[in-house]
Amino acid sequence: MQEEDVAPSVYLLESMRAVGYSFPAALADLIDNSITAGARRVDIDVDVVDGAFVTVLDDGQGMAADVAREALRLSGSPRERTKDDLGRFGLGLKTASLSQGRVVTVATRSAGVTTVRRWDIDHVLESGRWSLLELDEAESQALPSWKAFDQQDQGTLVVWQHLDLLLGDANDRREHLSELTIDAGKTLSLVFHRFLRGGGGDLAITINGARLAPIDPFLESNTKTQFSKPEAVNIAGQHVEFTIFTLPHPSGMKPAERARHDLAAGMRDAQGFYVYRNRRLISHGSWFGLASKTEITKQTRVRVDIPNTLDQLWQLDIKKSRAEPPASFKNHLRRVIGPFLERGKRVHTFRGRQVHQGDLTHVWNKRDHGGNHVTYEVNSEHPLVLTLNASLDDPQRQHLEQLLGLIAQSFPANDLYAHMASSSLPGSEQADSETSLDQLRLLRSAGVIGSDVNEAVAQLGLIEPFNQLENLRDLLVLIMEEDNHGAD
């Protein structure tokens, strides 16, 4: 092992460790470098048993020896960036790695030349020298994941060891690292969802052999998701594009979608802006002061795409995990966001009503008393109510009216609100076939529906709850046959 002197300030190593990276954010910074290097695969391995190492291996173009040394300099490395570069200050590799462990090794291969360098904080402290270590062949071969790296013609392997900050004071390393690894997988699936295969890109990321699937926060593959046309705002001569999405109600989601935390119990916190820099998610879950997080606006999410040329204006931090929009962007969004928030509110209004044509006759009527005060009452003009009412004498009609009033006064609004707040769908079970038959027989005997099945289907298709019966035609045919048999 050879030493190569460098000259940072005496407290720089420890101060770089205190930036505040989470484990997922640190991994994401390394993946940024891999994507910029043209990688199509990134393999992450975490030793969840002993906590001895974390490795990140990519198949990108690798680095020449001088470039690798520059990448490990304990200071920013100003360079000319391309428009697709995911870097920021040139500090990501060092700060992200040192934030997790005391020993960081980088092995890289480019044009057939392999370079292996290491920062070891304890060696620096013990020797009193700011030495970047160069590993020999035997030391390199002892590195975790070296065998996989050595089979590649090009690429970069980053190894974190002596994981003091990652492990913290955990008593059970296996449980602690297993939880961190699972959380990291979910985070990376979201942050890089537009790069991952299946999410529109051609990048594959694995963690301990398991390939990550993209997590699309906008459910663009769901046909019930609503979205605006992309709109561009000019900021400092650069285009910033935004698209506003209204997610479907849980009843319109697939079971796998409803199982996601950000679409279930965490949906309220997940609303707001999703800011992407070169398609990589930077920050999400904030309205930046333009709106408040409420239960009835939680379906709304806004995708914002910014170029890396506006990093300073958007106050992008070193971890690339937070961005604050400039005033010009806020002013524009303030003018257009209102109607889309209202659309998100309407997702929760009168769920499950299927209108085929004309006006649908509802079972429940909504009464707006102004000042955000609304009540619900049973529709007295519903055919079933009218039919029952017609069969009663005056005292009985009064009793029916009192009963319907009691039902309206006892409408379980608080319980319904609690269900909606947790994104769970309140019970809306259809009546069984026998109950539906009894209701249809009542309407038939009262002359509300005629003897023509097609006309009856069209008529009942505009009346709740019959409009939701998948077997409506079959039930009507059965009733008509009963009438024919009775006539015989």
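Residues: numbered from 1 along the sequence shown.
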Describe, in one word, how the ring planes of Phe149 and Trp146 are oriented to each other, choosing from parallel (under 30°), tilted (30 to 60°) and perpendicular (over 60°). tilted
Could you state the interatomic distance from [atom1] ([X]) to [atom2] ([Y]), rounded to the nearest 0.5 Å?
| X | Y | atom1 | atom2 | value |
| --- | --- | --- | --- | --- |
| Glu464 | Leu360 | CD | CG | 5.0 Å |
| Lys224 | Glu257 | NZ | CD | 11.0 Å |
| Ile44 | Asn208 | CD1 | CG | 9.0 Å |
| Gln141 | Glu137 | CD | CD | 4.5 Å |
| Leu247 | Thr300 | CG | OG1 | 7.5 Å |
| Leu132 | Arg69 | CG | CZ | 7.0 Å |

Is the backbone N or O of [Y] less than 3.5 Å from a side-chain atom of [X], with the two atoms forming a donor-acceptor pair by type?
| X | Y | value |
| --- | --- | --- |
| Thr55 | Ser145 | no |
| Arg268 | Lys293 | yes |
| Ser97 | Lys94 | no |
| Ser131 | Leu133 | no |
| Ser34 | Val42 | no |
| Ser189 | Ala213 | yes |
| Trp119 | Leu72 | yes |
| Gln299 | Pro248 | yes |

When you compare the side chain of [Y] with that of [X], does any pair of heavy atoms fall below 4.5 Å?
| X | Y | value |
| --- | --- | --- |
| Leu190 | Leu281 | yes |
| Leu219 | Met253 | yes |
| Thr297 | Thr294 | yes |
| Lys186 | His261 | no |
| Leu98 | Ile121 | yes |
| Gln161 | Val159 | yes |
| Arg117 | Thr105 | no |
| Tyr21 | Leu27 | no |

Sequence neighbours left out, cut at 3.5 Å: what donor-acceptor pairs do the side chains of residues 176-185 make with other protein atoms?
| unit_1 | atom_1 | unit_2 | atom_2 | d |
| --- | --- | --- | --- | --- |
| His176 | NE2 | Leu166 | O | 3.1 |
| Ser178 | OG | Arg174 | O | 2.7 |
| Thr181 | OG1 | Leu177 | O | 2.7 |

Applying salt bridge (charged side-chain N to carboxylate O under 4.0 Å, His left out) as the test, list every pair that has at least one member in [range]; sequence neighbours left out.
| range | answer |
| --- | --- |
| residues 238-252 | none |
| residues 36-58 | Arg40-Asp202, Arg41-Asp43 |
| residues 143-162 | Arg109-Asp150 |

Does Phe23 have any ring pair (Phe, Tyr, Trp, His ring centres under 6.0 Å) partners at least two apart in sequence or in another chain, and if so, which? none
Once ring pair (Phe, Tyr, Trp, His ring centres under 6.0 Å) is applied, do any residues pair with Phe218, and if so which ones, sequence neighbours excluded? Phe245, Tyr274
Contacts of type side-chain contact (heavy atoms from CB on, under 4.5 Å), residue [X], not counting sequence neighbours:
| X | answer |
| --- | --- |
| Ala64 | Asp66, Val67 |
| Leu290 | Phe273, Lys330, Leu333, Arg334 |
| Arg194 | Tyr276, Arg279, Arg303, Asp305 |
| Ala37 | Gln61 |

Dump the intermediate steps for side-chain contact (heavy atoms from CB on, under 4.5 Å) on Thr243 and Val302, then the final yes or no. CA-CA 6 Å; Thr243 307; Val302 183; over 6 Å; no
Donor + acceptor pair across side chains of Trp287, Gln271 (<3.5 Å): yes
Any luck finding a side-chain donor-acceptor pair between Gln154 and Asp59 under 3.5 Å? no
The salt bridge (charged side-chain N to carboxylate O under 4.0 Å, His left out) partners of Asp122 (sequence neighbours excluded) come to Arg102
Using the test salt bridge (charged side-chain N to carboxylate O under 4.0 Å, His left out), find all partners of Arg260 that sit at least two apart in sequence or belong to another chain. Asp262
Closest non-hydrogen atom pair, [X] against [Y]:
| X | Y | answer |
| --- | --- | --- |
| Leu212 | Leu196 | O-CD1, 4.2 Å |
| Ala39 | Leu203 | O-CD1, 3.8 Å |
| His193 | Pro214 | O-CB, 3.6 Å |
| Pro24 | Leu188 | O-CD2, 3.8 Å |
| His162 | Val103 | ND1-CG2, 3.7 Å |
| Leu57 | Ala148 | CD2-CB, 3.7 Å |

With Val116 as partner, the option from Leu157, Asp136, Leu143 fulfilling side-chain contact (heavy atoms from CB on, under 4.5 Å) is Leu143
Kindly indicate, with the supporting measurements, whether the criterion side-chain contact (heavy atoms from CB on, under 4.5 Å) is fulfilled by Leu93 and Asp29. CA-CA 7 Å; Leu93 174 59; Asp29 237 346; over 6 Å; no
Quick one: do Val191 and Arg280 satisfy side-chain contact (heavy atoms from CB on, under 4.5 Å)? Show the steps, please. CA-CA 6 Å; Val191 169; Arg280 190 261 211 208; 4.0 Å; yes
